[in-house]
Amino acid sequence: MRYWLMKSEPDEVSFADVLAAPGKTVAWFGVRNYQARNFMRDQMEVGDGVLFYHSSCAVPGVAGIARVASGAYPDASQFDPDSHYFDPKATREQPRWISVDVTAVAEGRYLPLTEMRGVAALEDMVLLQKGSRLSISPVTKGQWDKVLELMGVSISAT
DNA sequence: GCCAACGTTGGC
DNA sequence: GCCAACGTTGGC
């Protein structure tokens, strides 16, 4: 069981969209960075915790708590010439990019990036490091617990 | 819209 | 395999 922070542009997929989706589950598609892909491919497991982060928006921050709901499978958008995420070098025989499904667990209080920067227990988060742009990054148990505390979320063990 | 930081590409 | 040029990310 691991913990992750995953960045999404809310104009594209917001946490509210996940809450509104059937089964509160959506495909996480469009990752086009090898390091982020490798986290999904090599380390993510069903049930892992996800901090659903909103980036490139007016108030960046953690918008909700989610959970990994599937193993990795080929990201369909890489094969679609009309998609922004089309990759001409990807083939169905040898896909380059993968998706996982994530499902919403709890919304909680929106936790802005600016607030996170002031929390000592979070200062080592990959997200907060200078120049960090990884769209998927590992989160420690301590960081996870702190973020959930700040958001006022408690998740009962299942 | 700016720009720092980072990742990728491609010529050599 | 180096590294300059280019493209992207993402906060501000």
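Bear in mind the structure is a predicted one, so any value in this text is a computation, not a measurement. Chain A is the first sequence line, chain B the second, and so forth, proteins listed ahead of strands; every chain is numbered from 1. These numbers come from the heavy atoms of this one structure, side chains and all, not from hydrogens, waters or symmetry mates.
- Taking atom CG of A:L134 as the reference point, atom P of B:dG7 lies 7 Å away to the nearest angstrom.
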Passes ring-ring contact (aromatic ring centres under 6.0 Å, His included), A:W4 versus A:F52? Steps please. CA-CA 9 Å; A:W4 306 96; A:F52 194 108; over 10 Å; no
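- Among C:dG10, C:dC12, B:dT8, the nucleotide with an atom closest to any side-chain atom of A:S55 is C:dG10.
- With rounding to whole Å, A:I136 atom CD1 is found 13 Å from C:dT9 atom P.
- Side-chain proximity of A:P60 to the nucleotides B:dA5, C:dG11, B:dG7 is greatest for C:dG11.
- Between A:L113 atom CG and C:dG10 atom C1' there is a gap of 10 Å when expressed in whole angstrom units.
- Looking only at distances, a side-chain donor or acceptor of A:S70 sits under 3.5 Å from a matching main-chain atom of A:D101.
- For A:L128 and C:dC12, the CG to P distance is 10 Å, given to the nearest whole Å.
- The two atoms that bring A:A66 and A:F15 nearest to each other are CB-CE1, 4.5 Å, heavy atoms only.
- Under a 4.0 Å N-O distance rule, the pair A:R96/A:D87 qualifies as a salt bridge.
- Closest to the side chain of A:K89, out of B:dT9, C:dC12, B:dT8, is B:dT9.
- Summarising the geometry, the separation between CD on A:E12 and C1' on C:dT9 is reported as 14 Å, rounded to the nearest angstrom.
- Side-chain N/O atoms of A:K130 include none lying less than 4.0 angstrom from OP1 or OP2 on B:dA4.
- Between the P atom of B:dT8 and the CH2 atom of A:W97 lies a distance of 7 Å, rounded to the nearest Å.
- Minimum atom distance to the side chain of A:R117 is reached by C:dC12, of the listed C:dG10, C:dC12, B:dA5.
- Look at CD on A:Q129: it is 14 Å from C1' on B:dA5, rounded to the nearest Å.
- Whole-Å rounding puts the A:R32 CZ to B:dT9 P distance at 13 Å.
- Donor-acceptor pairing under 3.5 Å, judged by distance alone, is present between the side chain of A:R133 and the base of C:dT8.
- Put simply, A:Y34 has no side-chain N or O that comes within less than 4.0 Å of OP1 or OP2 on B:dC6.
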A:R2/A:T140 under side chain to side chain donor-acceptor pair (under 3.5 Å): CA gap, chis, key distance, verdict: CA-CA 8 Å; A:R2 290 187 167 93; A:T140 67; over 6 Å; no
